[in-house]
Amino acid sequence: MCEKKGLKFNIIVDKTVKFMFNDNIRIVQALMNLVQNAIKFTFKGEITVSATKCIANLGEKDSILFSVSDTGIGIKDEEKATLFDQFATFDEQEISVGTKGMGLGLSIVKYIARLVNNDPLSTKVMVDS
């Protein structure tokens with residue numbers, strides 16, 4: 001899809017990251033939802049997927065920080081708080097891409113992240129626009 005839109009697609013993986021997951025299918029689904037969203041709202045430039053090892057405190061397990069960044073249209077500050085809620089959609093979506101989604105893709109990402117981490121309270125899914 002990136003090639004069709006003339007977008008550059010980058011993958012950056014920290015050399016210390018070892019990919020051993022308890023649920024590969026769900027993690028891939030979450031990353032695909034994020035990438036598809038990035039493609040949908042990026043009209044020029046690039047999309048970058050990265051994986052970085054996060055060193056834990058003593059007695060805790062290390063984790064991996066996945067990031068999907070793009071040069072797309074961005075999101076207003078006041079909309080960031082609800083971006084990962086079920087059925088969250090914004091007017092700019094219809095204007096910019098000609099269609100409005102169901103608002104489920106990013107809420108699924110949040111659900112998957114909490115599910116595979118086995119610690120819903122400390123799991124963070126966030127946006128920086």
Side-chain angles (χ1 to χ4, degrees):
M1 290 179 73
C2 283
E3 188 175 304
K4 185 177 178 181
K5 290 182 76 174
L7 302 172
K8 184 177 178 187
F9 186 75
N10 308 300
I11 298 176
I12 302 169
V13 179
D14 183 337
K15 291 178 178 140
T16 62
V17 170
K18 291 184 175 50
F19 290 101
M20 293 178 61
F21 303 118
N22 58 353
D23 199 336
N24 291 339
I25 293 171
R26 286 195 175 109
I27 291 171
V28 169
Q29 179 186 0
L31 288 170
M32 289 302 299
N33 284 1
L34 292 169
V35 169
Q36 288 171 348
N37 238 43
I39 293 169
K40 185 176 182 180
F41 296 104
T42 302
F43 303 103
K44 63 179 180 177
E46 62 187 12
I47 295 167
T48 302
V49 177
S50 64
T52 308
K53 183 177 181 179
C54 298
I55 306 298
N57 295 323
L58 187 62
E60 297 177 0
K61 292 183 179 180
D62 292 344
S63 60
I64 299 173
L65 171 66
F66 290 101
S67 173
V68 177
S69 60
D70 61 65
T71 55
I73 61 174
I75 186 165
K76 295 176 184 176
D77 286 338
E78 60 268 18
E79 295 172 340
K80 289 179 186 178
T82 60
L83 184 64
F84 291 94
D85 293 350
Q86 287 184 356
F87 306 111
T89 60
F90 307 103
D91 291 336
E92 294 82 28
Q93 290 179 344
E94 192 168 5
I95 294 167
S96 64
V97 295
T99 185
K100 201 177 227 182
M102 293 288 297
L104 291 173
L106 296 180
S107 66
I108 291 170
V109 169
K110 181 179 175 180
Y111 174 78
I112 290 171
R114 289 183 170 173
L115 182 70
V116 299
N117 193 31
N118 292 325
D119 188 1
L121 298 177
S122 70
T123 302
K124 294 179 182 165
V125 179
M126 57 192 145
V127 62
D128 183 19
S129 180

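Note: hydrogens, waters and symmetry copies are ignored here, and every other heavy atom, side chains too, is used.
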Could you see if [X] belongs to whatever hydrophobic cluster contains [Y]? Use Ile, Leu, Val, Met, Phe, Trp, Tyr and a side-chain cutoff under 4.5 Å.
X	Y	value
Val127	Leu104	yes
Leu65	Val17	no
Ile39	Val28	no

Tabulate below the donor-acceptor pairs under 3.5 Å that side-chain atoms of residues 6-16 make, not counting sequence neighbours, or state none.
unit_1	atom_1	unit_2	atom_2	d
Asn10	ND2	Glu46	OE1	3.3
Asn10	ND2	Thr48	OG1	3.0
Asp14	OD1	Thr16	N	2.9
Asp14	OD1	Thr16	OG1	2.9
Asp14	OD2	Thr16	OG1	3.3

Val68 and its side chain to side chain contact (heavy atoms under 4.5 Å, CB included) partner, picked from Asn33, Val109, Val35: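 Result for side chain to side chain contact (heavy atoms under 4.5 Å, CB included) with Val68: Val35.
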query: Between atom CD1 of Ile108 and atom CG of Leu115, what is the distance when rounded to the nearest 0.5 Å?
result: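 Rounded to the nearest 0.5 Å, the CD1-CG separation comes to 12.5 Å.
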- prompt: How far does CZ of Phe66 sit from CD1 of Ile27, to the nearest 0.5 angstrom?
  reply: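 If I round to the nearest 0.5 Å, the distance is 5.5 Å.
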query: Would you find more than 12 non-hydrogen atoms of other residues, nucleotides or ligands less than 6.0 Å from Ile25 atom CD1?
result: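 Atom CD1 in Ile25 is not packed in, count stays at 12 or less.
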- request: Can you establish whether the number of heavy atoms outside Glu78 located under 6.0 Å from its atom CD is more than 12?
  value: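 Yes, enclosed.
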- prompt: Hey, does the side chain of Ser107 reach the backbone of Phe87 with a donor-acceptor pair shorter than 3.5 angstrom?
  reply: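 Checked: no pair found.
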query: Donor-acceptor pair, Lys5 side chain versus Thr42 backbone, under 3.5 Å?
result: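 Flag set: sc Lys5 to bb Thr42 pair under 3.5 Å.
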message: So which atom in Ile47 and which in Ala38 form the shortest heavy-atom distance, rounded to 0.1 Å?
response: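 Nearest heavy atoms, Ile47 then Ala38: CD1-C, 3.7 Å.
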- request: Please report the closest heavy-atom contact between Lys44 and Thr71, naming both atoms and the distance.
  value: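 That closest heavy-atom pairing would be O-OG1, 2.7 Å.
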query: How about Ile75 and Phe41: do any of their side-chain heavy atoms sit closer than 4.5 Å?
result: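 No, their side chains stay 4.5 Å or more apart.
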